[in-house]
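Have a look at the structure below, then the notes.
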Amino acid sequence: MNPTEGKKKKIRLLFVCLGNICRSPAAEGIMSGIVEKNGLQDIIDVDSAGTSGWHQGDLPDERMRSHGEKRGYDFCSHARKFRESDFDDFDYIIVMDENNYSSVKSLASGKDQADKIHLMTEFSVQFNYHNHIPDPYYGGSSGFELVLDLLEDACEGLLQVIKKEHSIY
Ligand code: 4NP
């Protein structure tokens, strides 16, 4: 028997922000934790990228890492720039704000690719924060806490949507 027979393709999620050092690596870390907690690591893959390459190779912003640590997360991915091949490599491309949306959409080559792009706040359950995850980079501590609150909520909502769309029980 072919060893790959019966093996299902993974569901691949890519979180995208501007720098890939604050919001999207936090979303990646939070979602990875939720996936693991639900025992779905063989079914769902998670990654993140930035629409800019300004921080390519960098660890997440120190402030985001320390706010995350207080909640038990270890945000440790390295920044990379979003690339056109991400449209082939991922099933859900989840952006943090309207600017990220426009940047990613401008690289989409057709409806199928454009349809993969979602705003993170589409998945919010408890929060309705102006339809975006606010950029915390130039602000203070409360901005980082708000981002984590919004992301924890939206990641839980995202898992519910994925489970429903892919009949995962
Ligand atoms: P992020 O935040 O898009 O959530 O990673 C930012 C990180 C860096 C910059 C802006 C936003 N920057 O101007 O370098």
Side-chain angles (χ1 to χ4, degrees), residues 11-36 44-108 113-159 161-162:
I11 301 160
R12 298 154 304 172
L13 319 179
L14 182 68
F15 295 103
V16 180
C17 61
L18 174 61
N20 193 208
I21 55 167
C22 294
R23 294 165 292 174
S24 61
E28 178 186 349
I30 291 167
M31 194 66 194
S32 299
I34 292 173
V35 164
E36 239 172 74
I44 300 174
D45 266 345
V46 186
D47 193 7
S48 68
T51 56
S52 78
W54 299 337
H55 297 277
Q56 196 109 287
D58 291 355
L59 277 169
D61 185 287
E62 199 48 60
R63 296 164 296 172
M64 185 50 94
R65 296 196 76 193
S66 75
H67 281 275
E69 257 169 44
K70 285 191 218 141
R71 298 187 188 208
Y73 301 112
D74 177 19
F75 301 142
C76 58
S77 54
H78 290 268
R80 72 162 177 92
K81 191 175 179 186
F82 180 85
R83 45 185 177 252
E84 281 178 42
S85 59
D86 286 326
F87 283 112
D88 298 322
D89 294 339
F90 293 91
D91 304 299
Y92 294 81
I93 295 169
I94 302 155
V95 300
M96 299 296 143
D97 62 33
E98 292 286 353
N99 287 329
N100 311 150
Y101 192 94
S102 307
S103 304
V104 171
K105 180 109 190 277
S106 71
L107 298 173
Q113 293 195 346
D115 285 348
K116 291 187 174 185
I117 312 169
H118 302 268
L119 261 178
M120 187 66 183
T121 47
E122 276 177 41
F123 306 106
S124 298
V125 181
Q126 298 182 42
F127 291 93
N128 183 12
Y129 192 85
H130 309 300
N131 292 329
H132 69 284
I133 307 295
D135 184 347
Y137 191 70
Y138 292 106
S141 303
S142 60
F144 287 87
E145 287 298 316
L146 173 63
V147 166
L148 291 174
D149 288 341
L150 296 172
L151 292 178
E152 285 178 336
D153 178 48
C155 282
E156 291 286 357
L158 172 60
L159 181 67
V161 169
I162 290 172

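Counting starts at 1 for both ligands and their atoms, in listed order.
- Within the 4.5 Å cutoff, side-chain heavy atoms of F123 are placed close to those of I94.
- Within the 3.5 Å criterion, the main-chain N or O of F90 finds a donor-acceptor partner in the side chain of K116.
- Within the listing of ligand 1, atoms 13 (O) sit less than 4.0 angstrom from a heavy atom of Y138.
- Counting heavy atoms under 4.0 Å from ligand 1, residue N20 touches it through the backbone alone.
- Looking at H55 next to ligand 1, an N or O pair under 3.5 Å apart turns up.
- The stretch residues 57-85 participates, sequence neighbours left out, in these ring-ring contact (aromatic ring centres under 6.0 Å, His included) pairs: H67-F144, Y73-F75, F82-F87.
- Among the candidates D135, L119, V95, the single residue satisfying the side chain to side chain contact (heavy atoms under 4.5 Å, CB included) test with N100 is V95.
- For atom 12 (N) of ligand 1, the closest non-hydrogen atom of the protein is Y137 CE2, 3.5 Å.
- Put simply, CD on Q113 and CD on E84 are 8.0 Å apart, with the number rounded to the nearest 0.5 Å.
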Given the rule in the salt bridge (Lys or Arg N to Asp or Glu O under 4.0 Å) test, do D74 and R65 qualify, once you have shown the distances and angles that lead to the verdict?
CA-CA 7 Å; D74 177 19; R65 296 196 76 193; 3.4 Å; yes
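- Against a heavy-atom cut-off of under 4.0 Å, C22 is close to the following atoms of ligand 1: 1 (P), 2 (O), 4 (O), 5 (O).
- Between R80 and D86, at least one side-chain nitrogen of the basic residue sits less than 4.0 Å from a carboxylate oxygen of the acidic one, meeting the salt-bridge criterion.
- Considering each of A27, C17, A79, S24, the one bringing a non-hydrogen atom nearest atom 1 (P) of ligand 1 is C17.
- Which parts of ligand 1 touch W54 is read off a 4.0 Å heavy-atom cut-off, strictly below it: atoms 12 (N), 13 (O), 14 (O).
- Counting only heavy atoms of the protein, atom 2 (O) of ligand 1 lies nearest to D135 OD1, 3.3 Å.
- Checked against a 3.5 angstrom limit, the closest N/O atoms of I21 and ligand 1 fall inside it.
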